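Notes follow the structure.
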Amino acid sequence: MPLKRKILIAGNWKMNGLKKDARSLAAGLAKKNSSAKNQSVEILICPPFPLLALTADTLKGSGIKIGAQDCHSQLTGAHTGDVSAALLANMGCTYVILGHSERRINHGETDKQIKMKAETALAAGLKVIICIGETLKQRKAGQTLNINRQQLRYSLPVGASASNTVVAYEPVWAIGTGQVATPEQAQDVHAAVRKTLKNKLGSEEGNAMRILYGGSMKPSNAKELLALPDVDGGLIGGASLSVKDFWTIAQAT
């Protein structure tokens, strides 16, 4: 009998929203989750840094968790403009997203840097969501599986386990484009990631670790994607900015 992993639906607001937007979104989701009969799905919201406190206060008591979109590789120090994992944990965050393709591309983040950040985040008591994914050029060149295996091997922190680490596969060509991997494409990569995790962490941990799909999951395709054997949730971008759309995805299991 296959292992049942708890579905995680994580909303990445990216650089979107003002105070009023955060309050409205968080309050809408808190109301729905507080009254939901089925709370078997883990729900996470990751707003921009300045909105963390407001969002956390609004979500209090709802059962929805809060996380951040990045952290520094050092716990403290002279790093103007950066945010430490220790501060994020102190503010109530339970997760942090690391290695998102937009960070890898826009900020030139390497696998080594992502691994360092992840190890610091784990030391601060946070859980980490490690993002991996190929570009359209790499997919067309037949490099999809090799790119994802490589990013995973070198980004995964020492000490990673199913209890503190989540992997998110986000095909770069499907982020914010409206394109989405077919169920077959998604499952192929997730299965390869699962095999790599088993080889690196052992069969038990690798089989228990959750792997999210992060390429334009939306209400119209969530049910089909979440039904795949190695898809354990979604890292949601645009659809997380709508209470209706995000909640529909969260209930699609």
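None of the values given here were measured: they were computed from a predicted structure.
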Exercise: identify the closest heavy-atom pair between Ala186 and Ala181: N-CB, 4.1 Å

Pairwise side-chain contact, Glu205 with Ser161, heavy-atom cut-off 4.5 Å (strictly under): yes

- request: Kindly indicate whether the side chain of Asn16, heavy atoms from C-beta on, has any atom under 4.5 Å from the side chain of Asp21.
  value: no

task: Check the pair Lys117, Asp70 against salt bridge (charged side-chain N to carboxylate O under 4.0 Å, His left out), reporting the backbone distance first and the verdict last.
output: CA-CA 8 Å; Lys117 288 184 176 188; Asp70 187 43; 2.9 Å; yes

message: Ignoring hydrogens, what is the shortest heavy-atom contact between Val172 and Ser101? Give both atom names and the distance.
response: CG2-CB, 3.7 Å

field: Donor-acceptor contact below 3.5 Å, side chain Thr58 vs main chain Leu54
entry: yes

message: I want to check something: taking the side chain as every heavy atom from C-beta on, are Asp245 and Pro219 in contact at a cut-off of under 4.5 Å?
response: yes

query: Is it the case that one hydrophobic cluster holds both Val243 and Ile9, taking links as side-chain heavy atoms less than 4.5 Å apart, direct or via other members?
result: yes

Considering all heavy atoms, the nearest Ser62-Asn33 contact: O-ND2, 2.8 Å

Nearest non-hydrogen partners of Gly11 and Ser240, listed with the distance: CA-CB, 3.6 Å

Flag side-chain contact, heavy atom, 4.5 Å: Val189 against Tyr213: no

- request: Spell out, as yes or no, whether a donor-acceptor pair under 3.5 Å connects the side chain of Tyr169 to the backbone of Val193.
  value: no

query: Does any N or O in the side chain of Gln113 come within less than 3.5 Å of the main-chain N or O of Thr110, such that one atom is a donor and the other an acceptor?
result: yes

query: Which of these, Thr120, Leu87, Leu98, sits in a side chain to side chain contact (heavy atoms under 4.5 Å, CB included) with Cys71?
result: Leu98

- prompt: Any side-chain heavy atom of Leu88 within less than 4.5 Å of one from Leu52?
  reply: yes

query: Is it true that Ile64 and Ile249 fall in one hydrophobic cluster, defined by side-chain heavy atoms closer than 4.5 Å?
result: yes

- request: Any chance you could measure Glu42, atom CD, to Leu8, atom CG, to the nearest 0.5 Å?
  value: 5.0 Å

- prompt: Is the CD atom of Glu224 crowded by more than 12 outside heavy atoms at less than 6.0 Å?
  reply: no

- line: Between Ala121 and Val96, the two heavy atoms sitting closest are CB-CG1, 3.8 Å

- prompt: Does the side chain of Gln138 come within less than 4.5 Å of Thr144's, by heavy atoms?
  reply: no

query: So, Arg194 side chain and Gly206 main chain: donor-acceptor pair closer than 3.5 Å or not?
result: yes

- prompt: Hey, quick one: are Ile147 and Leu145 part of the same hydrophobic cluster, counting side-chain heavy atoms closer than 4.5 Å, chains of contacts allowed?
  reply: no

query: Distance from Leu197 atom CG to Ser203 atom OG, nearest 0.5 Å?
result: 11.0 Å

query: When rounded to the nearest 0.5 angstrom, what is the spacing between CD1 in Ile132 and CG in Leu152?
result: 5.0 Å

query: Crowded around Lys14 NZ? As in, over 12 foreign heavy atoms under 6.0 Å?
result: yes

Verify same cluster id: Ile175, Leu136 (apolar side-chain graph, 4.5 Å): no

Least distance between heavy atoms, Leu226 atom then Ala252 atom: CD1-CB, 4.1 Å

- prompt: Going by heavy atoms in the side chains, are Ile43 and Leu29 under 4.5 Å from each other?
  reply: no

- request: For the residue pair Val166 and Lys127, establish whether any side-chain heavy-atom pair is separated by less than 4.5 Å.
  value: no

query: Any donor and acceptor pair, going by atom type alone, linking the side chain of Asn164 with main-chain N or O of Gly159 inside 3.5 Å?
result: yes

- request: Look at the side chain of Glu119 and the backbone N and O of Val158, then say whether any donor-acceptor pair between them is shorter than 3.5 Å.
  value: yes

message: My understanding is that only one of Lys4, Lys6, Arg5 makes a side chain to side chain donor-acceptor pair (under 3.5 Å) with Asp232; could you say which?
response: Arg5

statement: Rounded to the nearest 0.5 Å, the NZ atom of Lys198 sits from the CG atom of Leu201 at a distance of 12.0 Å

- line: Only one of Gln151, Lys140, Arg139, Gln143 passes side chain to side chain donor-acceptor pair (under 3.5 Å) with Glu134, and that residue is Arg139

field: Donor-acceptor contact present, side-chain Asn221 to main-chain Met217, <3.5 Å
entry: no

- prompt: Does His72 use its side chain to pair, donor to acceptor, with the backbone of Gln74 at less than 3.5 Å?
  reply: yes

- prompt: Looking at Arg104 and Glu170, does any basic side-chain N land under 4.0 Å from a carboxylate oxygen?
  reply: no

query: Can you tell me if Asp188 uses its side chain to pair, donor with acceptor, with the backbone of Gln185 under 3.5 Å?
result: no

message: Would you compute the distance between atom CG of Leu228 and atom CD of Glu184 and round it to the nearest 0.5 angstrom?
response: 8.0 Å

- request: Enter the distance from Cys46:SG to Ile236:CD1 here, rounded to the nearest 0.5 Å.
  value: 11.5 Å

Same apolar cluster: Leu156 and Ile129, side chain cutoff 4.5 Å: no

